[in-house]
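Note that the numbering runs from 1 along the sequence shown for the chain. When reading the values below, keep in mind they use all heavy atoms of this one structure, side chains included, and skip hydrogens, waters and symmetry mates.
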Amino acid sequence: MKSIITIFCICFCLATVNSQERYFTKSGSINFFSKAPLEDITADNNQVLSIIDASNSKMAISILMKSFLFDKALMQEHFNENYVESDKYPKATFKGEILEFNELSENPNEFKVKGILNIHGVAKEITVNATMYKKDDTIFATGNFLINLEDFNIKIPAVVAKNIAKNIKVTFNFKHTPFKK
């Protein structure tokens, strides 16, 4: 009986430590911006899932493509139906590692995050600069990077080529709090 209680206590402690090293948000924000000769297009998604596992410096992000909101409903419809084909490819994901994560402190510092970005069914390795810091029990991460639409097999018809940029600026802002089961 004593050994069963000991095993239970060890399992409970391991589970507690493991969950304390994971930081999570389901309300991260991602914005993209397209600057083209005829118009600028911007969209926001404030329902982005992101998790950081501090025990191994890993980071994972999941984005529902239909959660991007545009100023004009027609832009949103074209984005989902014609460009990213949200019914066929409902999510964009990123899985990677925060390099030199052990240097995270209360002071904002720039980190490189290297991993695989998967959009529109195409996986591509990217490295992104992120400003990160930890205050109290929260890990903050912000930054931006460019995506070339052709790299992810997103075709822009010639008729709207002057309306949509080939390179889209992506800006992110995450506030990770300790993961609780």
Engineer: How would you list all residue pairs meeting ring pair (Phe, Tyr, Trp, His ring centres under 6.0 Å) that involve residues 141-174, not counting sequence neighbours?
Structural biologist: F172-F174, F174-H176
Engineer: Taking only residues two or more places apart in sequence or in another chain, which ones pass ring pair (Phe, Tyr, Trp, His ring centres under 6.0 Å) with H120?
Structural biologist: Y89
Engineer: Are P157 and Y83 side-chain neighbours, meaning at least one heavy-atom pair lies under 4.5 Å?
Structural biologist: yes
Engineer: Is the shortest heavy-atom distance from the side chain of T177 to the side chain of I139 under 4.5 Å?
Structural biologist: no
Engineer: Just by modelled atom types, is the F70 backbone N or O under 3.5 Å from a matching donor or acceptor in the Q76 side chain?
Structural biologist: yes
Engineer: Find the distance between CG (L149) and OG (S34) and round it off to the nearest 0.5 Å.
Structural biologist: 7.5 Å
Engineer: I'd like a table of donor-acceptor pairs (distance under 3.5 Å, sequence neighbours excluded) in which one partner is a side-chain atom from residues 158-171, with atom names and distances.
Structural biologist:
{"residue": "N163", "atom": "ND2", "partner": "E39", "partner atom": "OE2", "Å": "3.0"}

Engineer: Output all residues satisfying side-chain hydrogen bond (donor to acceptor under 3.5 Å, both in side chains) with D44, sequence neighbours left out; order by chain, then residue number.
Structural biologist: N31
Engineer: Would T25 and L49 count as a side-chain contact (heavy atoms from CB on, under 4.5 Å) here? Give the steps.
Structural biologist: CA-CA 6 Å; T25 183; L49 301 176; over 6 Å; no
Engineer: What is the distance from atom OG of S62 to atom CD1 of I51, rounded to the nearest 0.5 Å?
Structural biologist: 11.5 Å
Engineer: May I have the list of side-chain donor-acceptor pairs in residues 127-138 shorter than 3.5 Å, sequence neighbours left out?
Structural biologist:
{"residue": "N129", "atom": "OD1", "partner": "K112", "partner atom": "NZ", "Å": "3.1"}
{"residue": "N129", "atom": "ND2", "partner": "E110", "partner atom": "OE2", "Å": "3.4"}
{"residue": "K134", "atom": "NZ", "partner": "Y23", "partner atom": "OH", "Å": "3.0"}

Engineer: Take L117 and I147, measure what side-chain contact (heavy atoms from CB on, under 4.5 Å) needs, and give me the verdict at the end.
Structural biologist: CA-CA 10 Å; L117 178 64; I147 290 178; 4.0 Å; yes
Engineer: Enumerate donor-acceptor pairs with a distance under 3.5 Å from any side-chain N or O in residues 99-107 to protein atoms, sequence neighbours excluded.
Structural biologist:
{"residue": "S105", "atom": "OG", "partner": "N107", "partner atom": "N", "Å": "3.1"}
{"residue": "S105", "atom": "OG", "partner": "N107", "partner atom": "O", "Å": "3.4"}

Engineer: Return the OG to CD distance between S57 and E21, rounded to the nearest 0.5 Å.
Structural biologist: 10.5 Å
Engineer: Does any pair with a residue in residues 56-77 pass salt bridge (Lys or Arg N to Asp or Glu O under 4.0 Å), and if so which ones, sequence neighbours excluded?
Structural biologist: K58-E97, K66-D87
Engineer: Applying side chain to side chain contact (heavy atoms under 4.5 Å, CB included), name anything that partners D151, two or more places apart in sequence or on another chain.
Structural biologist: K124, N148
Engineer: Given side-chain contact (heavy atoms from CB on, under 4.5 Å), test I116 with K95 step by step and report yes or no.
Structural biologist: CA-CA 6 Å; I116 303 297; K95 291 182 182 175; 5.5 Å; no
Engineer: Excluding sequence neighbours, so at least two apart, what forms ring pair (Phe, Tyr, Trp, His ring centres under 6.0 Å) with F68?
Structural biologist: F32, F79
Engineer: Check the hydrophobic clustering (I, L, V, M, F, W, Y; side-chain heavy atoms under 4.5 Å; chains of links allowed) and say if I30 and I126 are grouped together.
Structural biologist: yes
Engineer: Suppose we screen for side-chain hydrogen bond (donor to acceptor under 3.5 Å, both in side chains). Which residues come up paired with N153, at least two apart in sequence or across chains?
Structural biologist: K155
Engineer: Nearest 0.5 Å, please: how far is OG in S50 from CD1 in I61?
Structural biologist: 4.5 Å
Engineer: Between atom CD1 of I52 and atom CZ of F179, what is the distance when rounded to the nearest 0.5 Å?
Structural biologist: 14.0 Å
Engineer: What residues, two or more places apart in sequence or in another chain, satisfy side-chain hydrogen bond (donor to acceptor under 3.5 Å, both in side chains) together with T93?
Structural biologist: none
Engineer: Which pairs, with at least one residue in residues 113-123 and sequence neighbours excluded, count as a salt bridge (Lys or Arg N to Asp or Glu O under 4.0 Å)?
Structural biologist: K114-E125
Engineer: Atom CE of M65 and atom CD1 of I119: how far apart are they, to the nearest 0.5 Å?
Structural biologist: 6.0 Å
